[in-house]
Amino acid sequence: MSYSQGHKTGVDREVIKWLQDLELSFHPRNLRRDLSNGYLVAEIFSRYYPHDISVYSFHNGVSFSSKQKNWSRIQKFLKKKNLELSKEVIYGSIHCEPGAAEQLVQDIYEMLTNQNVTDVQGQQSQPSSLTHSTSSRSFGNNLVAAGIMAESDVSSDQRRAQISRGERELEHTAADRSLPTGGSLMGHQVFLSLLD
C-alpha cells in the first residue's frame, strides 16, 4: 500500500521514540520539511551502517539540487546494501507530499529494526524511564516554544499599542493645528467640548 492510499499522516509513538533514541543532530519537528532533503535519512542510516555511509558527504540544504544529490547517494547506498525504499515514497518526500515523509520514516524503521509498525501498535507496553525523560524534554521544549510565542504576542501587542498611541498623537497634533490662533476662547471651548 502506498502512502497516498489511506496511510495515516501521523507517526507511531514507537517510531518517534526510536528517532529520539538515535540522538540525531536535530530532532525532526516537521517531518515533511526535515526529511525532504535526505540529510536526516542519511544520518539515520549512518547510525546503523557507520562504515558505509558518512553524514559528512551530505548537504543539509533546501535547494532541489541538494535534495537530488543527497537522495542519489542514499539510493546508491541502499542498492549496495540490497535495501529498498519505494521510489514513490522517496519522490513524495522530496516534494513534501502529505503522508510521504511519515511513510518513509516508518519504512526505514521497519527496515532497520525488523519490526512492523502494526506489530508495535498492537502491543501495550508500560512507560519506560526513557519515555518519561523524552516526554519531560518534550514538555520543556513546549514550554520554551510557548514562551517564545508569548514573547512574540507581547511584542506584537506592544507594537500595536505604540502604533495606536502614535495615531492618537497625530490626531491631537492635527486637531491642535486646526485650533483658532486668534485667541478666541469660544473656539477653545467648542474644541474641548468635542473631546468630552
Side-chain angles (χ1 to χ4, degrees), residues 1-50 52-123 125 130-131 133-142 144-146 148-149:
M1 179 190 302
S2 72
Y3 69 92
S4 61
Q5 295 176 333
H7 261 285
K8 63 180 184 174
T9 55
V11 178
D12 187 75
R13 174 179 264 166
E14 188 66 23
V15 176
I16 293 170
K17 182 180 166 218
W18 169 73
L19 280 174
Q20 291 172 340
D21 289 346
L22 290 175
E23 297 181 6
L24 301 170
S25 59
F26 65 95
H27 184 72
R29 299 206 188 283
N30 179 333
L31 283 178
R32 274 194 226 175
R33 180 195 64 224
D34 295 339
L35 294 179
S36 70
N37 67 7
Y39 181 83
L40 276 181
V41 173
E43 192 172 355
I44 291 168
F45 280 117
S46 75
R47 297 293 194 258
Y48 285 84
Y49 299 96
D52 297 315
I53 191 165
S54 172
V55 178
Y56 300 110
S57 61
F58 291 85
H59 180 67
N60 193 8
V62 294
S63 70
F64 189 70
S65 66
S66 293
K67 292 177 182 184
Q68 283 181 316
K69 289 175 187 174
N70 288 348
W71 279 105
S72 174
R73 286 184 182 116
I74 291 168
Q75 287 176 319
K76 286 178 188 175
F77 161 77
L78 292 172
K79 188 174 183 179
K80 178 181 168 185
K81 290 296 180 183
N82 292 322
L83 301 171
E84 188 176 336
L85 288 173
S86 162
K87 289 183 183 194
E88 182 184 50
V89 172
I90 292 172
Y91 179 86
S93 296
I94 290 171
H95 296 285
C96 299
E97 293 178 0
E102 292 85 352
Q103 183 62 45
L104 175 71
V105 77
Q106 291 186 116
D107 289 350
I108 293 170
Y109 170 80
E110 290 178 354
M111 179 187 301
L112 295 176
T113 64
N114 293 322
Q115 293 183 8
N116 290 330
V117 174
T118 54
D119 293 345
V120 173
Q121 288 176 350
Q123 298 175 357
S125 61
L130 176 68
T131 305
S133 70
T134 56
S135 64
S136 296
R137 189 178 330 141
S138 176
F139 182 74
N141 290 343
N142 289 341
V144 169
I148 291 169
M149 289 170 27

OH of Y56: more than 12 outside heavy atoms within 6.0 angstrom?
no
Quick check on Q68: does its CD atom have over 12 non-hydrogen neighbours (other residues, nucleotides or ligands) under 6.0 Å away?
yes
Backbone N/O of V62 and side chain of N37: donor-acceptor pair under 3.5 Å
no
Could you tell me if D107 and Q103 have a donor-acceptor pair between their side chains, going purely by distance under 3.5 Å?
yes
Test side chain to side chain contact (heavy atoms under 4.5 Å, CB included), reference E102, set L31, V89, D12, output is L31
Heavy-atom neighbours of K76 NZ exceed 12 at 6.0 Å:
no
Between OG1 on residue T113 and CD on residue E14, distance to nearest 0.5 Å
8.5 Å
How close do I74 and G38 get, counting heavy atoms only, and between which atoms?
CD1-O, 3.3 Å
Listed once per pair and sorted, the salt bridge (charged side-chain N to carboxylate O under 4.0 Å, His left out) pairs that draw on residues 34-46, sequence neighbours left out
E43-R47
Would a 4.5 Å heavy-atom cut-off, applied to side chains only, mark Y48 and I53 as touching?
no
Closest non-hydrogen atom pair, S25 against L40
OG-CD2, 4.5 Å
I44: what forms a side-chain contact (heavy atoms from CB on, under 4.5 Å) with it, not counting sequence neighbours?
W18, L19, L22, L24, I108, L112
If you round to the nearest 0.5 Å, how far is CZ of R33 from OG of S93?
14.0 Å
Reported CD-to-CG distance for the pair Q106 and N116, which is rounded to 0.5 angstrom
11.0 Å
Value for CG (L78) from CD (Q75), rounded to nearest 0.5 Å, stands at 7.5 Å
Rounded to the nearest 0.5 Å, how far does CD1 of I90 lie from CD of E84?
9.0 Å
Are any of the side-chain heavy atoms of F58 and K69 separated by less than 4.5 Å?
no
Check: R73 side chain, S57 main-chain N or O, donor-acceptor pair, under 3.5 Å
yes
Donor-acceptor pair, side chain of E110 and main chain of V117, under 3.5 angstrom:
yes
Working to the nearest 0.5 Å, report the span between OG of S36 and CD of E97.
11.5 Å
Nearest non-hydrogen partners of I16 and H27, listed with the distance
O-CE1, 4.5 Å
Side chains of Y39 and S66: closer than 4.5 Å at any heavy-atom pair?
no
Any side-chain heavy-atom pair from H95 and F64 closer than 4.5 angstrom?
yes
